[in-house]
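Data block below; observations after.
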Protein chains: 2
Amino acid sequence: MENTGIIENNKTQMRRGVLEYSILLILAAGDEYASSIIQKMKDVNIIVAEGTIYPLLIRLKKLGLLNYRWEESTQGPPRKYYMITDLGRSQLAGLDAAWDELSKGIESIRNASRA
Amino acid sequence: MENTGIIENNKTQMRRGVLEYSILLILAAGDEYASSIIQKMKDVNIIVAEGTIYPLLIRLKKLGLLNYRWEESTQGPPRKYYMITDLGRSQLAGLDAAWDELSKGIESIRNASRA
DNA sequence: TTTAGTACCTTGTATTGCAAGGTATTCAAA
DNA sequence: TTTGAATACCTTGCAATACAAGGTACTAAA
């Protein structure tokens with residue numbers, strides 16, 4: 001169907017905009033490894049693919065927003081636990097503000113639309 | 001500065017996700033021409049460039065979500081007024097739902113982050 | 001007839017999400 | 001001891017797309 005295609009496409013677009021923000025939010029709550037981040041995002045209906053998250057974590061690490069440590073697992077290969085840095089936290093504050101601004105913006109247009 | 005770069009970059013990303021949604025919302029409130037759509041978005045701090053909006057309007061027209069009519073202006077060249085179609089309205093409903101879902105998702109992660 | 005303002009549109013570049021494919025580790029069953 | 005399943009990591013190549021930059025055209029005033 002074309003209809004759902006348009007919407008699906010846009011849901012994807014919307015998600016893309018908040019990927020880095022979501023990751024930083026999750027890591028601000030505690031250290032996680034890639035697969036668990038994917039799961040946590042899935043839990044709130046923000047779907048991410050592996051091929052998206054790994055390069056992204058590497059990028060955020062390079063930018064100095066994240067760090068990682070290896071940790072053994074009893075149930076498979078070692079896990080790379082990512083943690084947020086101080087720089088990451090300060091940037092996160094900016095993203096919080098950006099998200100709030102965007103939400104307000106959309107709300108405004110929405111209300112105008114209903115008026 | 002690099003710091004603001006990271007945030008600016010993400011603000012842009014976030015905006016991108018809601019471009020089509022914003023346009024449909026604005027046109028649901030009344031017919032507008034490209035420049036006025038840009039202005040209305042700017043009014044709520046969602047910045048869009050001309051090079052973004054024109055191809056996008058054409059795409060939405062092709063998808064059948066919009067139509068347009070030419071209208072003379074006393075203050076310059078003719079304006080292309082876009083209007084939302086029935087299909088556009090039905091898709092908009094889906095986008096409303098998508099946005100709500102995303103907002104809730106982010107809220108959830110945010111709250112977990114604060115807990 | 002030139003300049004300023006407004007409005008339209010296209011081209012080329014750079015970013016980036018993601019499908020697909022690949023490697024490595026552990027554990028349990030055959 | 002080999003095979004298979006589960007888990008975890010990562011890379012490559014393609015496709016989509018926002019936007020900077022550059023371009024056309026109409027109106028009105030200087």
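Every heavy atom of this structure was used, including side-chain atoms; hydrogens, water molecules and symmetry mates were not. Lettering follows sequence order; numbering is per chain, from 1.
- Under the ring-ring contact (aromatic ring centres under 6.0 Å, His included) criterion, the residue pairs touching residues 29-63 of chain B are B:Y33-B:Y81, with sequence neighbours excluded.
- Considering OG1 of A:T52 and CZ of A:R15, their distance stands at 9.5 Å, rounded to 0.5 Å.
- The side-chain heavy atoms of A:I58 and A:P55, taken from C-beta on, include no pair separated by under 4.5 Å.
- If you take CG on B:L102 and OG on A:S22, they are separated by 7.5 Å, rounding to the nearest 0.5 Å.
- In 5' to 3' order, the nucleotides of DNA chain D bounding all contacts with chain A (an atom under 4.0 Å from a heavy atom) are D:dT7 to D:dA18.
- The CG atom of B:L87 sits 5.0 Å away from atom CG of B:L65, with the distance rounded to the nearest 0.5 Å.
- In terms of heavy-atom proximity, B:L57 sits nearest to B:A34 at CD1-CB, 3.9 Å.
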If you look only at distance, which donor and acceptor atoms sit under 3.5 Å apart when one is on a side chain in residues 37-50 of chain A and the other is two or more places apart or in another chain?
unit_1: A:Q39; atom_1: NE2; unit_2: A:D43; atom_2: OD1; d: 3.0

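- Taking every heavy atom of both residues into account, B:Y68 and B:K61 meet most closely at CE2-CE, 3.7 Å.
- Applying the side-chain hydrogen bond (donor to acceptor under 3.5 Å, both in side chains) test to B:R16 and every residue at least two apart in sequence or in another chain returns B:Q13.
- Axis angle between the ends of the helix from C:dT1-D:dA30 to C:dA30-D:dT1, five pairs each and rounded to 10 degrees, works out to 20°.
- Annotation: the span from B:I23 atom CD1 to B:L66 atom CG amounts to 7.5 Å, rounded to 0.5 Å.
- Near DNA chain C, defined here as any heavy-atom distance below 4.0 Å, the residues from residues 13-25 of chain A are A:R15, A:R16, A:L19, listed numerically.
- Between A:I58 atom CD1 and C:dC18 atom P there is a gap of 16 Å when expressed in whole angstrom units.
- Two residues are said to be in side-chain contact when any heavy atoms from C-beta on lie closer than 4.5 Å; B:D31 and B:Y82 fail this criterion.
- Sorted by residue number, the members of residues 28-39 of chain B with any non-hydrogen atom under 4.0 Å from DNA chain C read B:Y33, B:A34, B:S35.
- Using a 4.0 Å cutoff on non-hydrogen atoms, the parts of residues 46-56 of chain A near DNA chain C are A:A49, A:G51, A:T52, A:L56, ordered by number.
- For B:D96, the side chain to side chain contact (heavy atoms under 4.5 Å, CB included) partners at least two apart in sequence or on another chain are A:R110, B:Y21, B:L25, B:L92.
- Here B:I53 contributes atom CD1 and B:L60 contributes atom CG; the two are 9.0 Å apart, rounded to the nearest 0.5 Å.
- For the pair A:T85 (side chain) and A:G64 (backbone), a donor-acceptor distance under 3.5 Å is present.
- Pairs passing the salt bridge (charged side-chain N to carboxylate O under 4.0 Å, His left out) check and including a residue from residues 70-90 of chain A, sequence neighbours excluded, read A:R69-A:E71.
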Considering only nitrogen or oxygen atoms on both sides, find all protein atoms under 3.5 Å from nucleotides 25-30 of chain C and state each distance.
unit_1: C:dC27; atom_1: OP1; unit_2: A:T74; atom_2: O; d: 3.2

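- Residue B:R79 contributes atom CZ, which lies 8 Å from atom P of C:dC8 at whole-angstrom precision.
- In terms of the side-chain hydrogen bond (donor to acceptor under 3.5 Å, both in side chains) criterion, residue partners of A:S36 (sequence neighbours excluded) are, by chain and number, A:E32.
- For the pair A:N9 CG and C:dG17 P, the interatomic distance rounds to 15 Å; values are reported in whole Å.
- Interatomic distance, B:L19 CG to A:M14 CE, rounded to the nearest 0.5 Å: 10.0 Å.
- With a 4.5 Å cut-off on side-chain heavy atoms, B:L56 and B:E20 count as touching.
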